[in-house]
Amino acid sequence: MPAVSIVIPVYNMEKYLEETLECIMRQTMRDIEIICVNDASTDDSLRILEALADKDRRITIINNPCNQGAAAARNIGLDKAMGTYVCFLDADDIFDQDMLAKEYNVIRRYDADVAVVHTAYFKENRNNCNMWERLWKEQVVSIEEAGHNLLRDWELPPWNKMYKKKFLAGHKLLFQNLSSSNDVFFGVMGIFLAKKIALVESSEPLVLYRTGTKTQISARRVPMNAYRAFEKIYHEMENRELGEDYYEYFLDYFLVCILYELRCSKDEQTNRELYEFIARDGLKKLGISEIETDQFKDQHVYQGIWSFLHKPYDSKWFEKWY
């Protein structure tokens with residue numbers, strides 16, 4: 001069995017796919033399998049996958065007969081994964097050649113459930129990257145210890161992490177079947193449930209996340225999906241009886257994600273409908289109808305929730321929040 005399984009959903013990524021897979025094939029850690037789930041691509045992606053698979057036996061191609069979306073593709077890949085650890089990478093990003101080795105060494109050293117590496121963003125020029133995460137030293141943390149900082153300082157999507165497969169299987173964690181925001185549930189619950197989260201120290205980012213491509217889910221977002229993701233998290237937290245501190249962390253990240261959606265979407269009508277739904281019904285479905293000033297330890301959370309309940313959409317307070 002391989003030590004690490006790499007799961008990559010592929011849909012119409014012919015422009016970047018070879019560069020990304022070459023990054024993975026050149027990793028200094030050799031004991032890996034690369035599971036590429038071709039989600040019914042209509043471009044040249046499958047031909048590129050087949051050519052690379054002929055060069056490297058570690059590549060396995062799974063062909064979906066019809067397009068099912070990134071969440072389903074990742075879940076299919078996870079089901080086939082044989083490794084002790086799993087990474088979920090995107091088909092258009094760039095990875096440092098030592099990324100997997102560093103993640104693997106640290107996650108094993110601390111017997112952690114999750115390992116996290118530094119990320120930077122770029123468009124077409126990888127030499128012009130934007131890295132907003134603070135640099136950290138190698139250490140082990142948990143949501144109980146790090147609290148709000150853990151959610152605010154990291155990227156929660158899966159592409160900068162390595163997961164212990166037994167951890168995912170034990171908690172039955174899967175990606176939510178949404179057209180966008182489909183990794184929010186997986187990312188948040190993975191952090192909430194992990195007993196040990198290992199931070200991989202590096203002086204440079206190990207993942208370069210490509211932005212602005214037309215085929216990215218983020219380029220065709222459905223803002224309401226972000227709410228649906230948090231609604232699922234809320235019910236999962238209730239079922240697992242996670243405590244009040246987790247609820248405040250949940251609301252904190254809810255505000256971060258929802259307000260990000262409102263700021264990024266250019267569809268004014270869709271934004272207004274989402275905002276008014278949250279103010280009218282959405283927060284009630286997440287356990288809030290009114291709040292008290294001393295209800296939360298973090299007043300930032302209180303201010304955000306209070307603003308949703310009492311300020312109209314046209315005030316645009318969320319454009320200045322955070």
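Every value quoted in this text rests on a predicted model; they were computed, and no experiment measured them. In what follows, residues are counted from 1 in the order of the sequence shown. Only heavy atoms go into these numbers, but all of them, side chains included; no hydrogens, no water, no symmetry mates.
By the side chain to side chain donor-acceptor pair (under 3.5 Å) test, K316 pairs with E268, sequence neighbours left out. Here T60 pairs with nothing under the side-chain contact (heavy atoms from CB on, under 4.5 Å) rule; sequence neighbours left out. Checked against side chain to side chain donor-acceptor pair (under 3.5 Å), N225 has the following partners two or more places apart in sequence or in another chain: S179, S180, R228. Residues passing the side chain to side chain donor-acceptor pair (under 3.5 Å) test with D111, sequence neighbours excluded: K164. The side chain to side chain donor-acceptor pair (under 3.5 Å) test applied to Y247 returns no partner, not counting sequence neighbours. Here R58 pairs with D56 under the salt bridge (Lys or Arg N to Asp or Glu O under 4.0 Å) rule; sequence neighbours left out. With sequence neighbours left out, the side-chain contact (heavy atoms from CB on, under 4.5 Å) criterion links E14 to D43, D44, S45, I48. Listed by chain and number, the residues in a ring pair (Phe, Tyr, Trp, His ring centres under 6.0 Å) with F88 are F175, F186 (sequence neighbours excluded). Qualifying salt bridge (Lys or Arg N to Asp or Glu O under 4.0 Å) partners for E261, counting only residues two or more places apart in sequence or in other chains: R221. With sequence neighbours excluded, the residues forming a side-chain contact (heavy atoms from CB on, under 4.5 Å) with S289 are K284, listed by chain and number. For L174, the side-chain contact (heavy atoms from CB on, under 4.5 Å) partners at least two apart in sequence or on another chain are N75, L78.
In the model, Y110 has a side-chain atom that pairs as donor or acceptor with a side-chain atom of E138 under 3.5 Å. Defined by atom type and a distance below 3.5 Å, a donor-acceptor pair is present between the side-chain atoms of Q269 and E273.
Ring-plane geometry between F308 and F254 is classed as tilted, the angle between the planes lying from 30 to 60 degrees on a 0 to 90 degree scale.
For the atom pair CE of M162 and CG of N105, the computed distance is 9.0 Å after rounding to the nearest 0.5 Å.
Of the candidates L17, D92, T20, L46, V10 forms a side chain to side chain contact (heavy atoms under 4.5 Å, CB included) with just one, namely L17.
Ion pairing of R272 with D314 is present here, as a side-chain N (NZ or NE/NH1/NH2) and a carboxylate O approach within less than 4.0 Å.
For residues 231-243, the set of pairs meeting the salt bridge (Lys or Arg N to Asp or Glu O under 4.0 Å) definition, not counting sequence neighbours, comprises E236-R240.
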